[in-house]
Amino acid sequence: MPMTLIDLHRPASWPTDLRSYLDARHDLFLGWERGNVAAPAYDEAIYGLIDVLQPYAITGWHCTRLTDAEIDQIARDGMQLPNTALLDRRIDALVASGELVPEIAVRLKATNQSGDANRAGMVWFCFFHPRLAGESGIERFFRHWGGEALYNSHERDPITSPAISVIGKPCVIEADIPIASLGKHGGLSFKIVRRFLKRRGFRTREPVDHEDRIRKPLPAENIRRIVCFSEADFSSLTGCAEWRQPLRAANRVPTRR
């Protein structure tokens, strides 16, 4: 059974139980933002809100660079959580298809951050249109294949950077993310409360847009679409047509050596 979606940008459309919970605690949440509510009361209300949100989902966008085979696999099987073993398999697949030479593959496997505690086992999404992050916020995700755990170690390397910059094409994965897959922390709840208060007229400079990571694999049925660089919607989602440094898809076919 499909999960009910919460449109973060339209508080009036939020589920009845969520709006009722927030309405009943309006004064408490407003008091916290103004600095006159004790932390224990606020924490209790936030923990309760976390529980209210668990059955629902929100739409998120993941910016990346993928090969055609990887696009097909995600559409068919969903998104797996990254780790060193998965990255090694992806590299091996490129060698097998002739898109990467073995010598470069060895370098990529030897130097990357795929096993780091702050990267392994999680996939990041933004829950607002990626273009709002601007060129500086998202452009690196599109310029090199392999994800941040790989390109962080290679984007300035004169040998490996050119190799992974022409593999695949820039893509945005649009998906419905179960809130339960984000883990029980207060990040989303804080933004929900601020959006609720803003609709009631409260002014705040605190952020209301949310980024977060899933810690569970995402089934294929949750993938709405994968928007590729050549499609018109890619430009509207990312704003890339206005960037100072243009994006490009792969411009050559790698050959074996």
Side-chain angles (χ1 to χ4, degrees), residues 8-9 57-75 77-83 86-87 90 94 108 112-114 116 118-156 161 164-178 181-182 187-188 191 207-218 220 222-251:
L8 294 177
H9 301 87
I58 51 179
T59 300
W61 292 267
H62 176 76
C63 300
T64 188
R65 191 177 181 105
L66 300 169
T67 65
D68 288 339
E70 290 171 331
I71 292 169
D72 291 342
Q73 183 173 23
I74 290 171
D77 302 327
M79 297 182 74
Q80 300 302 307
L81 300 182
N83 53 37
L86 179 58
L87 178 59
R90 294 177 67 196
L94 291 176
L108 298 180
N112 61 72
Q113 301 168 358
S114 60
D116 289 7
N118 63 330
R119 300 199 185 281
M122 60 186 77
V123 180
W124 282 87
F125 286 83
C126 61
F127 297 99
F128 51 86
H129 282 176
R131 68 179 302 142
L132 296 178
E135 180 177 359
S136 63
I138 60 174
E139 57 96 10
R140 291 174 68 212
F141 300 131
F142 299 125
R143 298 198 187 278
H144 291 84
W145 175 88
E148 197 170 16
L150 183 68
Y151 73 65
N152 262 352
S153 303
H154 294 276
E155 61 186 342
R156 291 182 174 84
S161 176
I164 60 176
S165 70
V166 294
I167 293 172
K169 53 192 170 186
C171 297
V172 176
I173 301 172
E174 182 178 283
D176 294 334
I177 307 300
S181 71
L182 302 176
L188 177 61
K191 312 296 177 51
V208 295
D209 290 328
H210 190 59
E211 300 177 44
D212 213 334
R213 69 277 193 209
I214 60 171
R215 295 181 177 274
K216 298 178 181 179
L218 191 67
N222 289 68
I223 306 296
R224 285 188 162 203
R225 57 179 181 159
I226 301 174
V227 184
C228 299
F229 178 63
S230 58
E231 301 173 42
D233 279 358
F234 183 90
S235 181
S236 63
L237 278 172
T238 64
C240 65
E242 303 165 9
W243 291 0
R244 292 178 299 174
Q245 187 71 23
L247 272 181
R248 60 186 172 87
N251 58 6

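A donor-acceptor distance shorter than 3.5 angstrom exists from the side chain of Ser181 to the backbone of Pro178, with no hydrogens or angles considered. At least one donor-acceptor pair under 3.5 Å links the side chain of Lys191 to the backbone N or O of Asp209. With Arg65 contributing its side chain and Ile167 its backbone, the two residues share a donor-acceptor pair below 3.5 Å. When atom types are taken as modelled, the side chain of Glu231 and the backbone of Cys228 share a donor-acceptor pair closer than 3.5 angstrom. Remark: side-chain polar atoms of Asn112 are paired, donor with acceptor, to backbone N or O of Leu108 under 3.5 angstrom.
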Could you walk me through whether Glu155 and Arg143 pass salt bridge (charged side-chain N to carboxylate O under 4.0 Å, His left out), step by step?
CA-CA 9 Å; Glu155 61 186 342; Arg143 298 198 187 278; over 6 Å; no
side-chain hydrogen bond (donor to acceptor under 3.5 Å, both in side chains) evaluation trace for Thr59 with Asp176
CA-CA 4 Å; Thr59 300; Asp176 294 334; 3.0 Å; yes
Mind running ring-ring contact (aromatic ring centres under 6.0 Å, His included) on His62 and Trp124 for me, showing each step along the way?
CA-CA 7 Å; His62 176 76; Trp124 282 87; over 10 Å; no
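If you check the side chains of Arg119 and Asn83, you find no donor sitting under 3.5 Å from an acceptor.
Within the 4.5 Å cutoff, no side-chain heavy atoms of Phe127 are placed close to those of Trp61. Residues Phe125 and Arg213 form no side-chain contact, since every pair of their non-hydrogen atoms from C-beta on lies 4.5 Å or further apart.
Using cut-offs of 30° and 60° for the angle between ring planes, the Phe142 and Phe234 rings count as perpendicular.
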